[in-house]
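Accompanying notes for the structure given below.
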Amino acid sequence: MPTQSRLPFTSDVDRIPSCQRADICENAHPVAWLATPGGPAGERSICQWVQQGGPMKVTVDELQEHVGAEVTLSGWVVHNRPSGKVGFVIVRDGTGLCQCVVEKTRVSDDLFEALKHLGTESSLSITGTVRAEPRSPGGHELVVTDATILCPAVDYPITPKEHGVDFLLRHRHLHLRSQRAWCIGRVRHTVVDAIRRFFNDEGFILVDTPIFTTLAGEGEQTLFAVDYFGQPVHLAQTGQLYLEAAAMSHRKVYCFGPTFRAEKSKTRRHLAEFWMVEPEVAFIDLDGLLGLAERFVTAIIQAVLERNRSELQTLETDVPALERITPPFPRLTYSQAVDILRGERTARFLADELADLQRRLAKVETRIAQIEAEDARGGLKKWKQEKNAQELIALRRERIDLTAAIENNPKHAALAAEFTWGKDLGGSDETILSRMHDKPLFVTHYPKAAKAFYMKVDRAEERVVENFDLLAPAGFGEIIGGSMREDDYPRLAGRIDELGYNPEHYQWYLDLRRYGSVPHGGFGLGVERTVAWITGERHIRHCIAFPRMMDRLYL
RNA sequence: UCCCCGAUAGCUCAAUCGGUAGAGCGAGCGGCUGUUAACCGCUAGGUUGUAGGUUCGAGCCCUACUCGGGGAGCCA
């Protein structure tokens, strides 16, 4: 683990041939540097830092093994807090955070002065003695004896105070360095690793399906058109159809990659480009698929719980809720779900929720009025004024959220109450159902008309298909969609015909039903939605390094 | 495509009835021996998203547009 998370900085530079390295040195941004006490002052480049010797270079996650020793950390300044005779520099190095204490008596005057004026996100290597210190984030601190500033950062745009969504996305390349983005990135890494591990351990064969494709999996309206040497094709919205072909070779296969949807969705659950893993299995039935999905999701949760406790803590995730995610997951058929949505229990559930929201809004309003009255009366101490201002900002933000929720609640209630059999479940319907459970919820057997052409018609009830969605609990909504695939040639060909698709595009797909067709099925899990659910992050745009959304693609 | 909300200093936000723009953070300088979103003092920083309109007077009211946020539809 530690080796994986360690920065490749030193080794990468070392790998550059020395002739090119000289070049880099010449072109390197000259930086102010600080000599060891008594040494010469001047300018140094990053390459010279790489080449220098000195105390053992360690990373923050290794500090506990070096208590009492003098070591060198390399990283970036998270926060700098100088004062007259002692300064505190919080350094992060990609593996963790460490407080570095700069005592005036222990370092040269030049170094003390330079560190005093060092801006947030400056890069440096910093040497000192390790000691246990509960007040330091991470539990260890460095008593500084020397430091080399590699690249001072002036006016770093992201400040310790809050920022808006738009600003942070515009600065996503820098925002990735923030604590929260770092934690989510590490959880995502675990999720992706757990996904691969699960399928590999279960004997699945990885098949990489094409990105450029002529086929539509779900419907032709939601695809990104691409000019492929003059031929109109589009970016894959699923690897499934290809995967079905591969499943007839390996029996159990999966694909894992980016997928593209041109849906004009502006919600916290949608991205135009997201990562999806899709298993496909020959000789399985719907029950087998549900079991597979159940074990799969449980394995992902277990891996995160094992490896990312501290990240979950920093993210303020509800860990006990994750620990409750064990098989079996509750199961409902679509028809049962419709009854629930239209039923009294749902109406009461939503009414209770509305009442609760209104109570909370009233409380917020009262508090705002209180503070405003306090401010109007005047004569407040400066710190009190400031505290009030901060609280007002938070309260007003909460008021906006609550107002939106109160406005949406009756709309969602109406959608649920007026739900008629045959429609697909909407986002709000799924949210309601999932909010009623504290485990992921399977909903199966949707109406044929609301679902994709390839789903297998239930032979016992021909108006529905053998499919399922898995809804994450606590209102997050759908993270998996899957189905048995229609394996009967005439039925599938008929469906393609009914929907008016171009049969020529589907000849190879129909071949799979011509030659040795077998019952088979699979599902797709959205990585970002899964990460958002697990971390408690409300918007999936924070669960991918560089999100692509409708009308938004900054970098 | 539709519905709701928003745009004021680098950032987050104030600005009473329509009366001529203010805080905090960040930046710069100074002070402080243990801080941890430290604290204290000083300094700089604005054509209020764009274009029109109403008015003696518009950040505030009206119209259109642009950009952004939330939601519906659609979906992982």
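Chain letters run A, B, ... following the sequence lines, proteins first, then strands; residues in each count from 1.
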For [X], which contact category applies under a 4.0 Å heavy-atom criterion: base, sugar-phosphate, or nothing?
| X | answer |
| --- | --- |
| A:G87 | nothing |
| A:E103 | base |
| A:R541 | sugar-phosphate |
| A:K104 | nothing |
| A:P82 | base |
| A:D424 | sugar-phosphate |
| A:E278 | nothing |
| A:E263 | base |
| A:H163 | sugar-phosphate |
| A:E430 | base |
| A:L525 | nothing |
| A:T259 | nothing |
| A:R268 | sugar-phosphate |
| A:I158 | nothing |

Check RNA chain B against residues 131-139 of chain A and give the residues with a non-hydrogen atom under 4.0 Å, in numerical order.
A:R131, A:E133, A:R135

Proximity to the side chain of A:R81 - top-ranked nucleotide from B:C29, B:A76, B:U35
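Of the options given, the side chain of A:R81 lies nearest B:U35.
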
SB check [X] [Y] (cutoff 4.0 Å):
| X | Y | result |
| --- | --- | --- |
| A:R269 | A:E478 | no |
| A:E113 | A:K104 | no |
| A:R495 | A:E486 | no |

Under 3.5 Å on both distances, the Watson-Crick or G-U partner of B:G19
B:C56

Identify the nucleotide, in any strand shown, that forms a Watson-Crick or G-U wobble pair with B:C74, with both distances under 3.5 Å; if there is none, say none.
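Partner of B:C74: none.
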
Need to verify one output field. Residue with the more 5' nearest nucleotide on RNA chain B, A:V86 or A:E113?
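So the residue in question is A:E113.
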
For A:F88, give me all partners under ring pair (Phe, Tyr, Trp, His ring centres under 6.0 Å), at least two apart in sequence or on another chain.
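Partners of A:F88 under the ring pair (Phe, Tyr, Trp, His ring centres under 6.0 Å) test: none.
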
Between the protein and nucleotides 66-68 of chain B, are there any N/O to N/O pairs under 3.5 Å, and if so, what are the atom names and distances?
from, atom 1, to, atom 2, distance (Å)
B:G68, OP1, A:D551, O, 2.8
B:G68, O3', A:R552, NH2, 2.5

Apply the test side chain to side chain donor-acceptor pair (under 3.5 Å) to residues A:R485 and A:S483: give CA-CA distance (whole Å), side-chain angles for both, the deciding distance (0.1 Å), then the verdict.
CA-CA 6 Å; A:R485 323 303 188 189; A:S483 72; 2.8 Å; yes

Parallel, tilted or perpendicular, as decided by the 30° and 60° cut-offs, for the rings of A:F523 and A:F199
tilted

Check the orientation of A:H175 and A:H542. Use parallel for under 30°, tilted for 30 to 60°, and perpendicular for over 60°.
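Judged by the thresholds at 30° and 60°, the geometry between A:H175 and A:H542 is perpendicular.
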
Are the ring of A:F274 and the six-membered base ring of B:A76 within the stacking cut-offs of under 5.5 Å and under 30°?
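The ring of A:F274 is stacked on B:A76.
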
Will you find, in the side chains of A:Y454 and A:Q240, an N or O donor that is under 3.5 Å from an N or O acceptor?
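Short answer, yes.
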
Distance, rounded to the nearest Å, where A:R261 contributes CZ and B:A76 contributes C1':
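Whole-Å distance recorded here is 6 Å.
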
